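Because the structure is a prediction, the values reported are computed rather than measured.
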Amino acid sequence: MFALVDCNSFYASCERVFRPDLAGRPVVVLSNNDGCIVAGSAEAKALGVRTGMPLFEARDLIRKHRVAVFSSNYVLYGDLSRRVMASLATLVPAVEVYSIDEAFLDLSLMQPEELQPLGLALRERVGKWVGVPVCVGVAPTKTLAKLANHAAKTYPQTGGVLVLTDPRWRERLLARTPVSAVWGIGRRLGQRLNNMEIETALDLARADYRLIRKRFSVVQERVVRELNGESCLPLEARQEPRQQIIHSRSFGEPVASLAAVRQAVSDFTARAAESMRAEGLSAGAISVYLRTAPMGKPQQLFPDSGRTSLSPATVDTRVMVHHAVEMVTALWQAGYRYGKAGVMLTDLGPAGREQVTLFREDENAEKGNALMQVMDTINSSGKGKVWLAGRGMNQNERCVWAMRRAHLSPAYTTRWADLPRAR
């Protein structure tokens, strides 16, 4: 048995955790640079606010219905996500973190009569410990658990928990579910299935899995088997090491200064390197790309990306920033205005096991590794920050390339100055 726990309107719910005055009030969260709506509470969706809607199109609705608007606060969402997953892990033996707001749980040791009470306990614990509402779907396969979770959100009579073990309930739910809504199918593949007169999830479950494999692939065959209660997708509680780490941002305004783009890329490189070291990895290559702003000259007129090998692989931010800035200088074209830049670290492997060369200067490398450890310790202590000068002399000042985040909420859980105060 599997459970899928999914947070309800996660971004909006995170904004409400420390704002009880927003209970019952519509809430929307904006994309980078506050351009469009990327998430909304159930109340906002009921008003007609949809994901992807440009902010200017929704302004009248926002004013009329007093919708609370927030810029994306990824630090807050990431921290609350970790708290949700840690809370779930206290009640089950294994957790597979599927996304920032979803997790599959291993319930194979549970008795049938224990499943519903456990689902309610999971909802209560996350709600009480973190403050984020969740729904729980329980079923013999991951695909069915996904459908059960959607039904738990859709039908209030479930109480937010649906255990899909009764074959009759399963058949009724599959008959109500469009085939395109099945996990692993989607709109485009769903259209092709519609052309085969497969309209619902129940139609797909009753299809000949050999025909589905012949027409599509083994992946879709597994979906058919999963819909019939045959588990084909095991729980993956152990996360595989990442193959790449990307840090990119759209600029708050078009940038025509080489110094500003260098500063931005230095900042992105340092952030990517910090994430890499936190996972115990080192990088064997670094790539940088630049993109012109829409009002600039056509970007296809010049190369907009570059890649450099790092030999030997390194964890040293200074080395990576040096190569990143060199690539920016080589890619730069005067007269263009840039709207976005990004850094990608690849050829990742375990730190400390890098392939050495005959002429490696071990002493300098060891000093660099020690320096990075000191920097990471200081930056995670909450007592202060240190950074390379290439990222800017004052990290508290808004740079010309920084994102527009006019509606940013405080970092309630990760910055001492933003801790809520009770009076």
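Neither side chain, T314 nor D316, offers a donor N or O lying under 3.5 Å from an acceptor on the other. Looking only at atom types and distance, the side chain of Q263 has no donor-acceptor partner in the side chain of S266 under 3.5 Å away. In summary, the side chains of N73 and S409 do present a donor paired with an acceptor at a separation below 3.5 Å, with no hydrogens or angles considered. R125 and T90 share a side-chain donor-acceptor pair at under 3.5 Å. Looking at E326 and T329, their side chains never bring a donor and an acceptor atom within 3.5 Å of each other. For E15 and Y77, the side-chain atoms include at least one donor-acceptor pair closer than 3.5 Å. When only modelled atom types and interatomic distance are considered, T165 and R170 share no side-chain donor-acceptor pair under 3.5 Å. D34 and S71 share a side-chain donor-acceptor pair at under 3.5 Å. No hydrogens or angles considered: a donor-acceptor pair under 3.5 Å links the side chains of Y74 and N32.
Atom CG of L162 sits about 9.5 Å away from atom CD of Q157, to the nearest 0.5 Å. Taken to the nearest 0.5 Å, the CG atom of L371 stands 5.0 Å off from the CZ atom of R318. L211 CG to M196 CE: the interatomic distance, rounded to the nearest 0.5 Å, is 4.5 Å. In this structure, the separation between CG on L174 and CG on L144 is 6.5 Å, given to the nearest 0.5 Å. Going from atom OG1 of T51 over to atom NZ of K45 covers 6.0 Å, rounded to the nearest 0.5 Å. For the atom pair OG (S248) and NZ (K340), the distance works out to 4.5 Å, reported to the nearest 0.5 Å.
Contact between A256 and R337 at its shortest, heavy atoms only, is CB-CG, 4.2 Å. The shortest heavy-atom contact between A283 and L310 is O-CD1, 3.7 Å. Taking each heavy atom of A207 and V224 in turn, the nearest pair found is O-CG1, 3.9 Å. When every heavy atom of L290 is checked against every heavy atom of V261, the shortest pair comes out as CD2-CG1, 3.8 Å. Summarising the geometry of S282 relative to V315, their closest heavy-atom pair is CB-CG1, 3.6 Å, with the distance given to 0.1 Å. When all heavy atoms are compared, the tightest approach of C7 to V84 is SG-CG1, 4.1 Å.
Considering only heavy atoms from C-beta on, C135 stays 4.5 Å or farther from D6 through its side chain. The shortest side-chain heavy-atom distance between F70 and R19 falls under the 4.5 Å cut-off. Within the 4.5 Å cutoff, no side-chain heavy atoms of R83 are placed close to those of V126. F10 has its side chain within reach of V132: a pair of non-hydrogen atoms, C-beta onward, lies under 4.5 Å apart. Annotation: side chain of R25 is not in contact with side chain of E43 (no heavy-atom distance under 4.5 Å). Within the 4.5 Å cutoff, the side chain of L80 has heavy atoms near those of the V130 side chain. Using a 4.5 Å heavy-atom threshold, the side chains of L118 and M110 count as touching. In this structure, the side chains of T413 and F18 come closer than 4.5 Å at one or more pairs of heavy atoms.
With salt bridges taken as basic N to acidic carboxylate O contacts below 4.0 Å, one links R242 and E279. For the pair D60 and R63, the salt-bridge criterion is met [side-chain N within less than 4.0 Å of a carboxylate O]. With respect to the salt-bridge test (charged N to carboxylate O, under 4.0 angstrom), the residues R271 and D267 qualify. Residues E102 and K142 are not paired through a salt bridge, judged by the lack of any N-O separation under 4.0 Å between the basic side chain and the carboxylate. Taking the charged nitrogens against the carboxylate oxygens, R222 and E226 have no contact shorter than 4.0 Å, which rules out a salt bridge. Comment: R206 engages E171 in a salt bridge, judged by a side-chain N to carboxylate O separation of less than 4.0 angstrom. The existence of a salt bridge linking R404 and E253 is excluded, since no basic side-chain nitrogen approaches an acidic carboxylate oxygen closer than 4.0 Å.
Within 6.0 Å of atom CZ in R213, 12 or fewer heavy atoms from other residues, nucleotides or ligands are found, so the atom counts as exposed in its surroundings. More than 12 heavy atoms of other residues, nucleotides or ligands sit less than 6.0 Å from atom CD of E113.
Using modelled atom types, no side-chain atom of T317 and backbone atom of A273 make a donor-acceptor pair closer than 3.5 Å. Not a single donor-acceptor pair under 3.5 Å links the side chain of S180 to the backbone N or O of G190. Within the 3.5 Å criterion, the main-chain N or O of L4 finds a donor-acceptor partner in the side chain of N149. Under a 3.5 Å cut-off, the side chain of D418 and the backbone N or O of T414 do not form any donor-acceptor pair. Looking at D304, its side chain never comes within 3.5 Å of a backbone N or O of Y289 through a donor-acceptor pair. Listed for the S9 side chain is no donor-acceptor partner under 3.5 Å among the backbone atoms of A12. Side-chain atoms of E96 never come within 3.5 Å of backbone atoms of L235 as a donor-acceptor pair (strictly under, hydrogens ignored). Panel note: side chain S13, backbone N8; a donor-acceptor pair is recorded below 3.5 Å. Panel note: side chain T158, backbone A152; a donor-acceptor pair is recorded below 3.5 Å. No donor-acceptor distance shorter than 3.5 angstrom exists from the side chain of R307 to the backbone of V288, with no hydrogens or angles considered.
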Given T143 and V182, is the side chain to side chain contact (heavy atoms under 4.5 Å, CB included) satisfied, shown in steps?
CA-CA 8 Å; T143 304; V182 175; 4.0 Å; yes

Assess whether side chain to side chain contact (heavy atoms under 4.5 Å, CB included) is satisfied between V325 and H323, documenting all intermediate values.
CA-CA 6 Å; V325 169; H323 289 291; over 6 Å; no

Would E274 and D376 count as a side chain to side chain contact (heavy atoms under 4.5 Å, CB included) here? Give the steps.
CA-CA 7 Å; E274 288 170 1; D376 291 341; 4.2 Å; yes

Show your working on side chain to side chain contact (heavy atoms under 4.5 Å, CB included) between L189 and Q220 and close with a plain yes or no.
CA-CA 10 Å; L189 189 56; Q220 282 68 49; 3.5 Å; yes

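For residues 163-206, the ring-ring contact (aromatic ring centres under 6.0 Å, His included) pairs, not counting sequence neighbours, are Y98-W183, F104-W183.
Seen from the ring of F216, R192 does not count as a face-on cation partner, given the 6.0 Å and 45° thresholds.
Using the six-membered ring where Trp is involved, Y336 and Y338 have ring planes that are tilted, between 30° and 60° apart.
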